[in-house]
Structures are given as structure tokens and as C-alpha cells.
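What follows is a short report on a single structure.
Letters go in sequence order (proteins before strands), and every chain restarts at 1.
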Amino acid sequence: MPELPEVETIRRTLAPHVEGRTVVAADMDDPLTCRHPADPAGFATRLRGRTVASLGRRGKYLLFELRGGGRLIVHLRMAGRLWWHAGPDARERFLRARLHLDDASVLDYIDMRRLGGMYLADDDGTGTPAGLLTLGPEALSPGFSPPVLAAALRGRRTAVKSVLLDQRVVAGIGNIYADEALHGAGIHPARRAGALRGPDVRRLHAAIVAALEEGVRAQGVSFSLYRDGEGRKGEMGERLRVYGRGGQPCYTCGTTLARTRVGGRGTALCPRCQRPPRGL
DNA sequence: CGCTTCCTGACT
DNA sequence: AGTCAGGAAGCG
């Protein structure tokens with residue numbers, strides 16, 4: 001569900017509520033949510049008494065750095081939500097875990113599809129999800145530059161959109177912002193990555209950064225499930241130019257936006273602004 | 001690489 | 001009944 005702007009918004013809204021707080025109890029209600037350690041009782045025992053020093057983010061991972069070492073890592077995947085309440089609120093239908101903090105507030109982890117998960121990792125890396133270890137540069141950092149993007153695209157016959165979604169290439173882009181960035185750059189999502197020229201790559205890089213920064217400013221997209229750490233919706237949904245707009249007119253040229261499938265993912269594009277070269 | 005799978009629900 | 005969903009690991 002959430003991509004870099006949504007996860008960053010959650011981090012910002014959650015940080016003031018959890019930093020410096022101690023977990024006095026953890027209700028780990030769902031074995032699937034406990035990725036490491038995998039048993040809920042052990043997970044709860046290890047988390048109890050730990051204090052959150054700071055809340056960070058890497059790609060789409062949220063990192064609760066714990067005082068004295070180690071971290072609690074949360075990945076929301078498609079449908080996960082983190083929701084803080086000043087007191088023990090009503091339990092959401094798909095509540096999978098609840099952390100009780102030492103000021104009587106609670107942090108709820110809600111995940112209808114149970115695709116997301118929580119990890120308790122040590123400083124030596126034990127328990128860290130593999131995907132976090134192989135993450136590419138942060139999309140909104142100097143480490144992600146046009147030359148870095150060019151190197152990732154070079155020589156590859158796969159669709160350019162699939163490369164953008166590869167977290168090992170760049171961390172934080174998901175299906176929404178990939179479509180938005182490709183439209184902003186005027187590049188067809190199924191275009192062969194290796195076929196992009198220097199100017200294409202620079203436009204694409206700029207469009208990625210612009211789309212993600214706009215998403216952060218607007219506090220994310222709230223299509224259905226996403227909310228920030230305090231349950232508020234983001235404004236980015238109304239600013240999307242292609243994602244979710246198949247069949248509606250392109251804001252740039254008026255052409256009816258198309259809906260297709262690229263790399264197994266639903267994809268929206270403007271057939272005129274993003275015209276593919278012959279044979280892609 | 002690209003396709004399938006994980007999981008559960010909403011919608012056509 | 002079939003399709004789709006903001007993600008990513010796993011398997012040929």
C-alpha cells in the first residue's frame with residue numbers, strides 16, 4: 001500500500017509519539033505478522049521493556065531504533081497501517097499487533113492481508129529482512145543520481161517500469177509513483193530500459209524526484225486504506241495525473257488514459273504523451 | 001528474467 | 001466465479 005511518501009509521512013507523524021517511549025507490553029495477536037522471531041510470545045517478551053530511541057526510515061521500511069541496541073523493523077507491504085492512539089482505542093477489525101507504551105498510549109499495527117510484518121533485529125544484523133540489506137540508494141538522496149539511474153538501466157531489455165520498482169536499484173518507488181514519474185517524463189512504461197538515452201534518463205530522474213517530493217508534501221495518497229500515524233488521510237490522491245485515472249482524459253493533452261499491464265502490475269499511461277518508439 | 005505465491009477483501 | 005489491490009520473495 002504505502003510507498004516512500006506514505007511511509008515517510010507515517011514516520012513523521014509517529015515519531016513525536018514514540019520517541020523516548022518504552023514498550024510496557026506487546027500484544028502480538030498474529031503469528032504471520034511476527035517474522036523474526038517467528039513466535040508471538042518470544043517476540044513480545046523480547047520487545048517488552050525496550051525504549052524507542054528514534055524512528056527512522058529506509059525505503060519502505062520503518063526503523064524503530066531501540067535504546068541499548070537493536071531495532072524493531074516494520075514493513076507495511078500492501079495493506080499495513082500503523083496507527084497511534086492516546087489511549088487504548090477500539091480494536092480495529094484487522095488489528096494484528098498492539099504495543100502499549102509507558103504513557104498509556106498504544107501503537108496499533110493493522111493489516112487486512114497479513115502481507116506485512118515486524119522484525120526484531122540485533123545490531124549484528126540477525127533478524128534483519130533480506131530486502132533491507134540489499135536496498136539501493138534512497139530515492140530522495142544524492143546517492144540516487146542520473147548516472148546511478150543510467151547505470152541501472154544500461155543494457156537491460158526489461159521494461160523501464162520494472163527497473164524503477166526494483167528496490168535494489170532505488171529504494172522507495174512503488175506502483176503509483178512509478179506511473180506518475182513515467183508520465184511526467186513522457187516515457188512509456190514498457191519501453192526497454194536499455195533503450196533510454198541520456199536526456200530520457202535525466203528527465204526520468206527529475207520526474208521521479210518531483211513525484212516523490214510532491215507526494216511527501218501532500219502527505220501521501222489515501223486511496224482506501226492508507227492513513228498517517230494519526231489516522232489522517234493524505235492529499236496526494238487528488239493530485240495524481242495517471243494512476244487510477246484509466247479511461248479519463250490526460251491533463252496534459254486530453255487523450256483518454258490507457259490501462260494495461262507491465263511486469264505483472266496494473267499500469268496507467270497516456271498513449272499520446274508516452275508514445276512508445278517502434279517495438280519499444 | 002518473468003511468472004507465481006503469499007493473504008484477504010472489494011468489486012464486477 | 002473471476003479480477004484486482006499501494007509489495008516483494010521465491011521458483012524455475
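Look at R57(A) and E138(A) and you find a salt bridge, because one of the NZ, NE, NH1 or NH2 atoms lies within 4.0 Å of a carboxylate O, short of that distance. Here E214(A) pairs with R241(A) in a salt bridge; the nearest charged N to carboxylate O distance falls below 4.0 Å.
Nucleic acid contact for L32(A): sugar-phosphate only, since backbone atoms but no base atoms lie under 4.0 Å from a heavy atom of the residue. Heavy atoms of G131(A) sit under 4.0 angstrom from primed sugar atoms or phosphate atoms, though from no base atom. Within the nucleic acid shown, Y177(A) has no heavy atom closer than 4.0 Å to any nucleic acid atom. Among the protein residues, R168(A) comes within range of no part of the nucleic acid, since none of its heavy atoms lies under 4.0 Å from any strand.
Listed nucleotides: dC1(B), dG7(C), dG9(B). Nearest to the side chain of M78(A): dG7(C). Each of dG6(C), dC1(B), dT8(B) was ranked by its minimum atom distance to the side chain of R96(A); first place goes to dT8(B). With distances taken from any side-chain atom of L115(A) to the nucleotides dG6(C), dA9(C), dG7(C), the minimum falls on dG7(C). Among the nucleotides dC7(B), dA9(C), dG9(B), the one closest to any side-chain atom of R77(A) is dA9(C).
L133(A) has its CG atom 14 Å from the C1' atom of dA9(C), to the nearest Å. Rounding to whole angstrom units, CG of residue N175(A) and P of dC4(C) are separated by 13 Å. In this structure, M112(A) places its CE atom 17 Å from P of dC6(B), rounding to the nearest Å. Between D111(A) atom CG and dG9(B) atom P there is a gap of 11 Å when expressed in whole angstrom units. In this structure, CD1 of I176(A) is placed 13 Å from P of dA8(C), rounded to the nearest angstrom. Atom CG in L76(A) sits roughly 13 Å away from atom C1' in dA8(C) (whole-Å rounding). R261(A) has its CZ atom 11 Å from the P atom of dC3(B), to the nearest Å. Regarding I110(A), its CD1 atom lies at a distance of 16 Å from the C1' atom of dG9(B), rounded to whole Å.
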Would you check, one step at a time, whether the test salt bridge (charged side-chain N to carboxylate O under 4.0 Å, His left out) holds for R96(A) with D29(A)?
CA-CA 5 Å; R96(A) 307 300 184 192; D29(A) 294 340; over 6 Å; no

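The cationic atom of R50(A) (NZ for Lys, CZ for Arg) does not lie both less than 6.0 Å from the six-membered ring centre of F64(A) and within 45° of the ring axis.
A distance of about 22 Å separates the P atoms of dC7(B) and dA1(C), rounded to the whole Å. Between dC1(B) and dG6(C), the two P atoms lie 22 Å apart (nearest whole Å).
Base pairing of dC1(B): its partner is dG12(C), meeting the Watson-Crick or G-U wobble criterion (both donor-acceptor distances under 3.5 Å). Pairing partner, dC7(B): none, since no Watson-Crick or wobble contact has both distances short of 3.5 Å.
Of the possible polar contacts, one joining the E19(A) side chain to the L55(A) backbone as a donor-acceptor pair under 3.5 Å is found.
An OP1 or OP2 oxygen of dG7(C) is reached within less than 4.0 angstrom by no side-chain nitrogen or oxygen of H75(A). Contact between the side-chain N/O atoms of T158(A) and the OP1/OP2 oxygens of dG2(B) is found at a separation under 4.0 Å. Between dA8(C) and K60(A), a contact under 4.0 Å exists linking OP1 or OP2 to a side-chain N or O. Contact annotation: R265(A) does not reach the phosphate of dA8(C) (side-chain N/O to OP1 or OP2, under 4.0 Å). Taking only side-chain nitrogens and oxygens, Y243(A) comes nearer than 4.0 Å to OP1 or OP2 of dG6(C). The shortest distance between the side-chain N/O atoms of R35(A) and the OP1/OP2 oxygens of dC6(B) is not below 4.0 Å.
For the pair T126(A)/H36(A), a side-chain contact is recorded, criterion being any heavy-atom separation below 4.5 Å from C-beta on.
If you check distances only, the side chain of R114(A) never reaches the base of dC7(B) with a donor-acceptor pair under 3.5 Å.
Of the options R203(A), R202(A), R197(A), a side-chain hydrogen bond (donor to acceptor under 3.5 Å, both in side chains) to D200(A) is made by R203(A) and by none of the others.
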